[in-house]
Amino acid sequence: MTDEAVVRIRHPMKTVWRWSARLARPIVLEDGTRLVTLGDVRMFILKQSEHIQDRSSWYQAAELVILAAEHGGSIDAATAQVEDALFLEARYARRWQ
């Protein structure tokens with residue numbers, strides 16, 4: 001086994017989802033807006049006013065979305081936090097399954 005192969009086995013590369021990765025489930029807002037990818041959520045958050053972005057629920061959502069897109073973080077956790085933030089804003093009617 002070559003040294004390069006040993007390094008690859010010992011340090012497997014993390015999966016990086018990128019901004020085009022799909023959310024764990026699509027999110028449909030009350031106004032009909034659909035958020036399907038991490039990039040959709042990114043653009044949605046950036047379009048919000050600063051006082052909305054500064055709320056802890058949105059700050060946490062943004063952090064989890066960035067972690068998922070750029071560092072292989074959990075898409076499930078990011079999706080759930082976005083849903084929670086939208087629910088707190090009364091912009092998302094949570095659908096219980």
Side-chain angles (χ1 to χ4, degrees):
M1 191 178 292
T2 67
D3 289 338
E4 184 180 333
V6 171
V7 170
R8 270 191 264 138
I9 291 169
R10 288 188 189 154
H11 304 289
M13 199 168 176
K14 257 183 153 176
T15 301
V16 178
W17 300 111
R18 305 283 180 230
W19 292 104
S20 61
R22 292 186 167 275
L23 298 174
R25 60 201 149 272
I27 299 172
V28 181
L29 307 184
E30 300 240 337
D31 69 0
T33 302
R34 290 179 54 86
L35 305 175
V36 178
T37 67
L38 295 170
D40 293 342
V41 173
R42 177 182 178 267
M43 293 307 299
F44 177 81
I45 293 172
L46 290 173
K47 288 180 183 176
Q48 303 309 302
S49 63
E50 201 169 311
H51 79 276
I52 299 282
Q53 291 181 28
D54 287 342
R55 293 182 179 163
S56 64
S57 59
W58 282 111
Y59 185 82
Q60 227 175 344
E63 281 189 334
L64 290 172
V65 168
I66 291 168
L67 280 173
E70 297 182 357
H71 302 288
S74 171
I75 290 178
D76 288 334
T79 303
Q81 183 59 41
V82 170
E83 290 172 330
D84 289 347
L86 288 166
F87 183 76
L88 291 171
E89 297 289 328
R91 297 173 77 179
Y92 172 65
R94 187 170 299 189
R95 290 163 181 83
W96 300 103
Q97 296 181 10

message: So, using salt bridge (Lys or Arg N to Asp or Glu O under 4.0 Å) as the criterion, who are the partners of Arg22 when residues are at least two apart?
response: none

Measuring from [X]:[atom1] to [Y]:[atom2], what's the distance to the nearest 0.5 Å?
X: Ile75; Y: Leu64; atom1: CD1; atom2: CG; result: 11.5 Å
X: Ser49; Y: Arg55; atom1: OG; atom2: CZ; result: 7.0 Å
X: Glu83; Y: Leu23; atom1: CD; atom2: CG; result: 8.5 Å
X: Ile27; Y: Thr79; atom1: CD1; atom2: OG1; result: 5.5 Å

At their closest point, which heavy atom of [X] faces which heavy atom of [Y], and how far apart are they?
X: Leu38; Y: Val65; value: O-CG1, 3.9 Å
X: Pro26; Y: Arg34; value: CB-NH2, 3.8 Å
X: Ala68; Y: Ser74; value: CB-O, 4.0 Å

- prompt: Is Leu88 reachable from Ile52 through a run of hydrophobic residues whose side-chain heavy atoms are each under 4.5 Å from the next?
  reply: no

message: Taking Gln48's backbone N and O only, do any of them form a donor-acceptor pair with Gln53's side chain (distance below 3.5 Å, no angle check)?
response: yes

message: Can a donor-acceptor pair be found, under 3.5 Å and without considering hydrogens, that links the side chain of Asp40 to the backbone of Thr37?
response: yes

message: For a 4.5 angstrom cut-off between non-hydrogen side-chain atoms, does Val82 reach Phe87?
response: no

- prompt: Could you go step by step and tell me if Thr33 and Asp31 meet the side chain to side chain donor-acceptor pair (under 3.5 Å) rule?
  reply: CA-CA 6 Å; Thr33 302; Asp31 69 0; 2.7 Å; yes

field: side-chain contact (heavy atoms from CB on, under 4.5 Å) evaluation trace for Leu86 with Trp58
entry: CA-CA 9 Å; Leu86 288 166; Trp58 282 111; 3.6 Å; yes

